[in-house]
Every structure is written in C-alpha cells, then in structure tokens.
Amino acid sequence: MVRLRGVSKRYQMGATVVHALRGVDLDLLAGELLVLLGPSGSGKSTLLNILGGLDVPTEGELTYGDHDLTGAGPDELTEYRRRHVGFVFQFYNLIPSLTAVENVRLVTDISEHPMDAAAALDLVGLSERLHHYPAQLSGGEQQRVAIARAVAKQPQLLLCDEPTGALDVKTGVLVLEALHRVNRELGSSTAIITHNEAIGSMADRVVRLRDGRIASVERNATPAPPSDIAW
Amino acid sequence: MRALHRKVLNDALRLRGQLVAIVLVVACGVAINVGMRSTMNSLLEARASYYAHTRFGDVFATLVRAPERVARQLAEIEGVVVVETRVVAAATLDVEGADEVISARLVSLPDRGRPAVNDIALSAGRLPEPESADEAVVSEAFAEAHGLHPGDSLTALMDGQLQRLRLVGVANAPEYTYALGPGSLFPDDRRFGVLFLRRAPLAAAFDLEGAFSDVSLRLAPDARVPMVLSRVDELLEPYGGIGAVAREDQVSAFFLANELIQLQTFSRALPILFLAVSAMLLNVVLGRLVATQRPEIAALKALGYRDREVGWHYAELAGLVIFGGTLCGVLVGAQIGGWMTNMYGDYYRLPTLSFQLGAREVLEGTVAALIAAGVGTFGSVRRVVRLPPAEALRPPAPPVYRATLLERLGLDRAVPTAARMVLRELERRPGRALLSAAGIAAATALAIANSFTLDSINFMLNVEYGLSKRDDVQVALAEPRDLGVLSSLLDLPGVRRAEPLRTAPVRFIAGTRRKTTAITAWRPDSELVALLDRDLAPLELAPGGLILSRKLGELLGVGAGDRVEVEVLEGRRRRLELPVARLAETFVGIGAYAPLHDLCRWLGETESANGALLSVDGAQIDALHAAIENTPLITGLVERDAVLANVRTMLDENLGTMLTITIGFSLAMAFGVLYNAARITLAERSRDLASLRVLGFRRREVAAILVGELAVLLVLGVVMGLFAGRGLAGLLVRTPGFDTEQFRMPLVIDQGTYALSAGVVLAAGVACAWSARRRLDRVDLVDVLKARD
Ligand SMILES: Nc1ncnc2c1ncn2[C@@H]1O[C@H](COP(=O)(O)OP(=O)(O)OP(=O)(O)O)[C@@H](O)[C@H]1O
Ligand SMILES: [Mg+2]
C-alpha cells in the first residue's frame, strides 16, 4: 500500500551532517499491523513521519497506492494526510480547549467518509467521557481520544509514534487493545513505534532499525492479543 | 557582561518584533509630548517676545470721533500707563493685477517716530517719512499674497476719495497676527490687508483732525482690568465708543490664545492615550514572558539569585523598550514639532517664531514614558518576585475551559468545531482580549479625534454659507441708509436681488453680566438669510423680541422668556429692556437677531440698512467688483464663493501634514497593539494549529483559525473605537478651545472619517495577520510534535 524505496534523510547541523535514515526500503501492506523497534536515535520517528507525509526524504521515493508522492509539495502532502493518514503521538497532541468528542469532530468535519465521532470514542471505550476536556482525562484516556481522533476518518494508514510511551502497563494495554481493534475492524494498515520489545508480539511484522538502516524484519505468523502482553 | 544581562539581551532579541512594536507606541507618545509641547512653548515664547517688543496694548477701544483731549482723561484712569490714540478706518484697495475687491484697514502711525503702543515690526523697507502724505507700510501677509514690495504702489478708496499710495515698507503688527477681515473667521490674505500711514494724511482724509477713532492703552501690571474697561467705556460713550476690550478679547490675540489652548488640550490628551496603550502592551508581553519562563525563574532562584535581582531582570527589558521609545520619540518629536511650528507660522504671523526643542519637554516625555513602563511592568515583576522557586518548577495548573456563552445559549449549531477553539480561548482570557480590543479601539478613536475637525469645519461652512446665508455677496455700507438704497444696489451689474441688513452694536446687561456684541436684523420675508434650529430647519425671527445665539444666552445666563437690558452703542445710545424669544444654535460669533422694523423702532429710526445681502449673476461678478471699487457707498464686501475657496485652500494646504500625522500615529498604535496580539496568539496557538495540520487541515484552514481570532479582536476593537472616537470628539468639542465666543465647533463626523479611521486600523490588522500567517506556514510540524508543551 505504501512503498518507500531508497529513502534517506540527512540533517545539516552546522558543519556536521546527521544521517537519520540511510537508504530504507519498506512496504506497508494493506491491513497489516507493523511494529517498529530500535534504539533511540535510530530513525524510527523520521521514518514514520515520512510515511505519513509529515516530513520529506532527502533522497528516495514514496508512493501511496499508485500515487507517486516523491517530491510532493506541502499542499499535496496535506491532502494525502487529510484523506488517508491517521496519527497518534506520544504526547497526545489534543486541543486543550475542545472536549473529547470535539477533538474527534475536528477530524470528522474535514473527512469524506468519517465515522460518527461518538462511535469512534466508543471504539476506544470512552463513550462515557465524550464531554470531558483533555485536562479532565487521564493520560491513557487522552491517548485513546487521540486514537479515536486518528481513526474517525477511517484512515487507510494509522501511524503511532510511541503511543504508550507516557503510560503505565495497564493503561498501555488498554491503548494497544484500542489500536488492535481498529486495525482488525477497520482494516487500517497500522504502524506502531515503540521501545518495548514485548509489543512486537502483537504485530504481523516487526521491523528493527539501527543507525538509520533496517536491521531486520521478522514475520509473526500468530500475533498475540494485546491483553497477553506484559512488561 | 553578567550572564543575567546576556539573558536580557537574548530575550530582547527573541521578542524583537514585539518590543519594536511597543517602542513605536512609546515613541509616538513621547513624540507628541515633545513635539506638540515644544511647539506650544515656541509659540508662547515667540508671542511673548513679540508682544513685549511691539508694546502690544492691554486695552483696545474703537469709537466714532473723540477730540484729542479725551486722551488725557483716559491717561488719568487708575492703572493706565500709556495712551495711544489713532485714526483707524476702513477702505477698499485696488491693487494692479488683482480682480478681487480688497478690504483694508488703514491704521495711523504717529506723525513722527514710532507708536508707544502697538508698534509694528518692519520686515522690509522703512517707516513713512514724518507727515508724508502718500507713503504707506503694508502688512506682510497681504504683501506676500499680492507680491508687493517697497517701491510698488496701489490705490485706496478712502472715504469716497481715491488716493494713490506708495509702499515704503512691509511689516507685521501684533494686532494682526491672525489677520481677520471684517466678518470672517479665517484670514484671507488676498482680500484683506492692513496699511499703516502717518496720522496727518489719514486724519485729513477721514475728517478726524485733532481727533481720534481708536485708542489703545498699556496698563500697569497691577491694574484692575474690568475697572479700567468700564471707565474707558464711560469716557468714550459720548464719542460713539462701542465698548473697550481687554487684550484677551482682541480678535487676533484671542484666536492665537485659543489655538494654544487647543494645542494644550491635544498635547495633554494624546500622550496619555499612547502611554496607556504602551503600559497595556508591556503588561501583556511581559506577563506572557514571565508565564513561559517560570522554570527559568525557578532555576535562577534555586541558584541563589535574590528575588529582587530576578525581578529587576525583567524590569530591565521594559527599560530597554522605554529607552528606545524615548530616543525615537524625541527625534520624531523634533521633526513633527518643526512641521507643526511651520504650519502655525502660516496662520499666525509671529516674526520671531522658530521651533525650539525644549529640554523640559524631553524630560517630561521621558518621565511619562517611565511611569507608563512602571505601570505596565509592575504586575509581572511582582509576580516574578513573589513566585516561590518550588512552585515555579511545577508546570502551571492546566487552564480550565468551558463551553462559551454562545454554546450555553444553544446557538452553537452554526459554530464549527475549529471556531469553538477560538471562542473558548478568547473567553478563557477575556481580560487580555478586552485589553487588545481596547488598544485597537484607542487607535481607531485617535484617528477620528485627529481628523474630525475637518468635517466639523466643513459642516460649519456649509451651514453658515449655504443654509443660513444664501447670498452670493454681502456688502457693508459706509453708514445707515433708508431702504431706498436697495434700488441703487439693484442697479449694480449682475445684482438680481438685494435684501437690507441692519446691524447695531450693543451691550447686553443681565444682572452683573455684560457682553458687547451686535444685534443683526433683516426683514422677516428675507430669502437670503435665516436662523436655523437644532435640526437645521429655518427659524422665524421673533416679532417684537430677540433671538440670541445659544452661547450668548449662556454667557448672560438668560433663556427664552427672560428679559435682557440692552445698551445701544451708536446713535442716540438708547437703553432698552427687550424680551428674549428663544435661543438659536449658531456656530460663529455671539449674536442677537431681530426683525428689521423692530430693531429700527428700538433705535428710534425709520427702517434703514447699513448692509445688504445680494444675489448675483455669477457671470457678471467681475463687473460688479469693478463697480463696487468705485462706489463710496460700499465699504466692505464678503463674497461667499471666495470665502469658501479661501478656507478650502487653506485646509487643503495643511491636509497632507494633518493626514500624515493622523494616519501615522494611528497606524503606529494599531500596529503596536495588533502585532503583539498576533504574535502572542500565534505563539499560544501554534502547537494546536500544528496539530491540526498534522491531522490533515490545509494551511488555509489553519490560517483561517488564527486570522479568525485576530479578526474577532479587530472587529470588536474597531467597533468599540468608532463609538469611542465619537465620544472623544464629543469631549473635545466641549473643551474651552473648541467652544468659544468666536466659534463653536459642532460635533460632526462624516462617514468618510469613520471609514478612514477604521480603514487605517484594519490595514494594520491585515498586515499583522498576514505576517502571522506567514510565520504559521513556516512552523515545523515535526518540531511541534516533539515538544511536550
Ligand atoms: N530536526 C533535526 N535536526 C537534526 N537532527 C535531527 C532532527 N530530527 C532528528 N534528528 C536526528 O536524526 C536521528 C534520528 O532521529 P529520530 O527522531 O528519527 O530517532 P528515533 O529513532 O525516533 O529516536 P527516539 O526513540 O529517541 O524517539 C537522531 O540522531 C536525531 O538526532
Ligand atoms: Mg522518536
């Protein structure tokens, strides 16, 4: 569904050049759940941001279906994100002045085939919290609102950067269950970045990054349900 | 440099756009204070030295004819130091190459030497030779308007006699600093001039040998002016005195003094407005800086810096702004002061007028700016000082949001989700939103207050010369004539209609209050003149009674239905008691009005006229001019079109300067407020807005939210400003400089002025929103996601 070919990303830091990615080839398949592992600074976020059209590679190609997004301008990438991509971040990035359901509505307002905002919150188990403001929600709840917001547009692509990074085990599992459910019920191709090896067990595929390169790809024939994960 | 000072500079650099915007506002406040007040002082100084140098009189009186010996009686009045008698008379002039009818005042100089009172200041040439019959000095403004120089000559029609005069000098005179011709409100240097001749020839021409028609006195410093005035009136009464006036009521001195009062009003009010807005901006910007730097403040305190030191550190930032603002303000103020002084120099002939930047004014401006800084900084610095370090390390409590009023009222259907962000953020900080709106309102109001006077003057002219007086030409006759005179006027070329006018100088007395002015009368069926009521509808004259201008009524403390004592200052000098029928709104002068036959009856005459209103065929106006120049019957003329053209030219000449100053100041204030509002809004929303961009909002959509928030402030502010501007203008027209015996400025603000004022502020708003939008486009989405808050 999404193809990266020979993708590199370099940052010029004064005299030195930082290689965040060095020639990555990756396909994200329809409906699969992919987990990205790797040490800090290995380029996971950079890769995910490029996949989601938030960032552009220095070199290499990006295609979505039969759309070539290589060299796309900011407006074209915005349209790509708007139609096809849902993001979830470590720090939730909810709008503090809007309630849970309004945060979700932000997305349904601009989507072509959105779910009902309340249904999206129901999907992540928050039907009781519709009219709470972010400050009135726990971290796990906020993250689930962020997931509901990401999935409400029924995206083909769901990209999550350390969605459990700020959460304890129990709430982390709740969040993973929500992601898992979305992946199974909506069929969104899902990529999850984590530092947590254990989370790899719920994936269809586990991709490991090291120094901006793909170090290994593991296929998981029998993914475990998130409730079995412990760390 | 100490590390903490380094931090001040870094903060200043990071906030440079916002600080520069505040510097601009401070600079305007200081510039107005320094520029306007230095201009005022330059004018005051020029006036003082001019009046002293020329021995300008303290008391002025005109009369018909008194023998010279009366001067000795005048000199005996307690407090009188010098008495200068003169022959002053009216004439019409014929200057080569000039089509217009020129009214002139002929003023005598002593036969030898210089006058002891009201000397003239020669700017070219010399005084007439002693007892020279045909040499004259001409007033400078008139000479310039006609390109006259010593050596040129002109013809004067003096009491029916044509006299050729040679100009030997050009001069200014303190009585004609603001040179108003008879019956006008603005100087018209082409149509009114003053000639100074030796006394003997003038006396001979006007049959005033051994007599005088005008007297000026200089008084001892401790003289009791009202006593002197009434004694002079008493002495001159048998000789046709029409009431002595003190210097403050002498026309030219009055207008100059009044101008200074207006200048004083503006120069006090405007800086306060600017410095208040500066304080508000400093408060907002520092308040936000302190809020975002809580961890740094905590760290500094944890490191052992004293509360005072950390607090002072933030005050230094304000100090930088004030320093920059004051410096720019003084420079700009010196420039503006120079322009303004030149502009005043065009209206008021003060020979030694030159702009002087006052050290006192600079100091005053600096202190005022420091006070503004203190007010604006106090709250934030106190918060810094009081913040306990442990608390500062914790993030501030999360803000509490609520559904907005709109939503609670159930009107939210129409409000899209993104717009709710804007409304809730505004509602969460209503104080700050209101302050910004108030700043925008101030900028709008300022533009209105600075420019509405043009509308008022135009309105005044349109009413005075369009609705109230519909004649083309008004003529003054040498002396009262019976109404048969109208037929000779009708015989003049182009005259289609002639209506009689009779004015009589009078003194009104009501209890202890007295006021010298005139009663003007016309026939009730007159078509060329009418009084107006408040709605500008024509008002009938009151048979058997007087209508007073509102201002005169106020000054005398009389109203409709009262009776007022009237002392006629001509002819048989009758004393009457007349009923006041009502008050009428007039913008010019303080007059009283009555039907012609009533006035003549009160005067004990048959119906007569000493003036006339003419309706004239425009095509024959030149022929009429020529005819009038040779008609001894007519001594003065006011031509509507010429008056209007003259005023419009004068206003147009200074329109550029006025608009530059008005627009410049308002733009600076609007920019100061809006730029800061835009930057702060951007800083506070950029994380939310970047989140929206990540979610797939287009740049345009995100920008619309930001611009929407600014637009709410802008529209709110401008609407408030339009009302505030009207209110401010309303206050201004009630200040002493605009509500005078000579004129009352009506509160009139044209739609164009509202539109210009709103437009200037909106333009600043659009510019600031545009720059904020460009910054928003450049926000790095990935960076925003990394930050925790
Ligand atoms: N804007 C930037 N400027 C310079 N270097 C950057 C920038 N963004 C990322 N990098 C560098 O690129 C490399 C990869 O960063 P990236 O954020 O992708 O790592 P990561 O694998 O997500 O790490 P973590 O697990 O800590 O989030 C790092 O070395 C980082 O320092
Ligand atoms: Mg990362």
Side-chain angles (χ1 to χ4, degrees), chain A residues 9 11 20 45-46 48-50 52-56 73-99 101-112 117 131-137 146 149-150 152-153 155 159 161-162 166, chain B residues 395-404 407-408 412-429 681 684-706 709 774 776-789:
Chain A
K9 180 77 185 179
Y11 292 104
S45 297
T46 309
L48 195 81
N49 291 342
I50 290 175
L54 266 187
D55 206 349
V56 286
D75 291 333
E76 205 178 327
L77 289 177
T78 301
E79 294 308 313
Y80 165 60
R81 288 201 301 276
R82 187 175 175 113
R83 295 220 182 101
H84 309 296
V85 186
F87 276 106
V88 179
F89 298 99
Q90 182 177 0
F91 299 124
Y92 330 133
N93 290 82
L94 298 179
I95 307 292
S97 57
L98 298 179
T99 61
V101 70
E102 286 167 343
N103 261 285
V104 177
R105 247 183 234 144
L106 270 180
V107 168
T108 60
D109 281 353
I110 60 165
S111 309
E112 282 160 14
H131 301 295
H132 286 55
Y133 286 93
Q136 300 164 329
L137 294 169
R149 189 175 67 174
K153 71 168 81 154
L159 305 176
D161 196 343
E162 300 189 40
Chain B
V400 179
Y401 294 91
R402 324 195 293 148
T404 58
E407 296 165 62
R408 274 174 269 140
D412 59 322
R413 287 291 137 75
V415 183
T417 316
R420 287 181 200 189
M421 283 173 64
V422 171
L423 293 179
R424 285 189 198 153
E425 292 290 356
L426 287 175
E427 253 199 42
R428 186 164 73 86
R429 293 174 178 277
T681 306
E684 291 186 339
R685 303 287 176 274
S686 63
R687 186 181 157 82
D688 287 357
L689 296 179
S691 295
L692 294 183
R693 292 269 292 120
V694 170
L695 293 178
F697 277 69
R698 301 185 180 115
R699 282 192 289 192
R700 191 160 28 84
E701 292 166 337
V702 173
I705 297 175
L706 177 75
E709 181 164 349
R774 284 199 27 180
L776 181 63
D777 279 347
R778 290 201 301 262
V779 168
D780 189 326
L781 298 184
V782 180
D783 275 353
V784 172
L785 298 173
K786 278 187 197 152
R788 197 191 159 119
D789 232 326

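Treat the numbers as computed from the prediction; the structure is a model and nothing was measured. Note on naming: letters A, B, ... go to the chains in the order of the sequence lines (proteins, then strands), and numbering restarts at 1 for each one.
No part of B/Arg685 comes within reach of chain A, as not one of its non-hydrogen atoms sits under 4.5 angstrom from that chain. Only the side chain of B/Leu692 has a heavy atom closer than 4.5 Å to any heavy atom of chain A. With a threshold of 4.5 angstrom between heavy atoms, A/Gln136 does not approach chain B through any atom at all. With a 4.5 angstrom heavy-atom cutoff, B/Leu781 touches chain A only via side-chain atoms. Only the side chain of A/Arg149 has a heavy atom closer than 4.5 Å to any heavy atom of chain B. Contact of A/Leu106 with chain B is made through backbone and side chain together, with heavy-atom distances under 4.5 Å.
Across every non-hydrogen atom of B/Arg420 and A/Leu98, the tightest pair is CB-CD2, 3.9 Å. Annotation for B/Phe697 and A/Arg82: closest pair CA-NH1, 3.9 Å, computed over non-hydrogen atoms. Contact detail for A/Thr78 and B/Arg698: the closest heavy-atom pair is CG2-CA, 3.6 Å. Residue A/Asn93 comes nearest to B/Arg687 through the heavy atom pair ND2-NH2, 3.6 Å, listed as atom of the first residue, atom of the second, then distance. Minimum heavy-atom separation, B/Ser691 to A/Ile95: CB-CD1, 4.3 Å. The two residues B/Asp688 and A/Leu94 have their closest heavy-atom pair at OD1-O, 4.3 Å.
The closest side-chain heavy-atom distance from A/Ser97 to B/Arg428 is not below 4.5 Å. Using a 4.5 Å heavy-atom cutoff, the side chains of A/Leu54 and B/Arg693 are not in contact.
Few gaps surround CZ on B/Arg778; more than 12 heavy atoms of other groups in view lie less than 6.0 Å from it.
A salt bridge links A/Asp75 and B/Arg699; the closest N-O separation between the charged side-chain nitrogens and carboxylate oxygens is under 4.0 Å.
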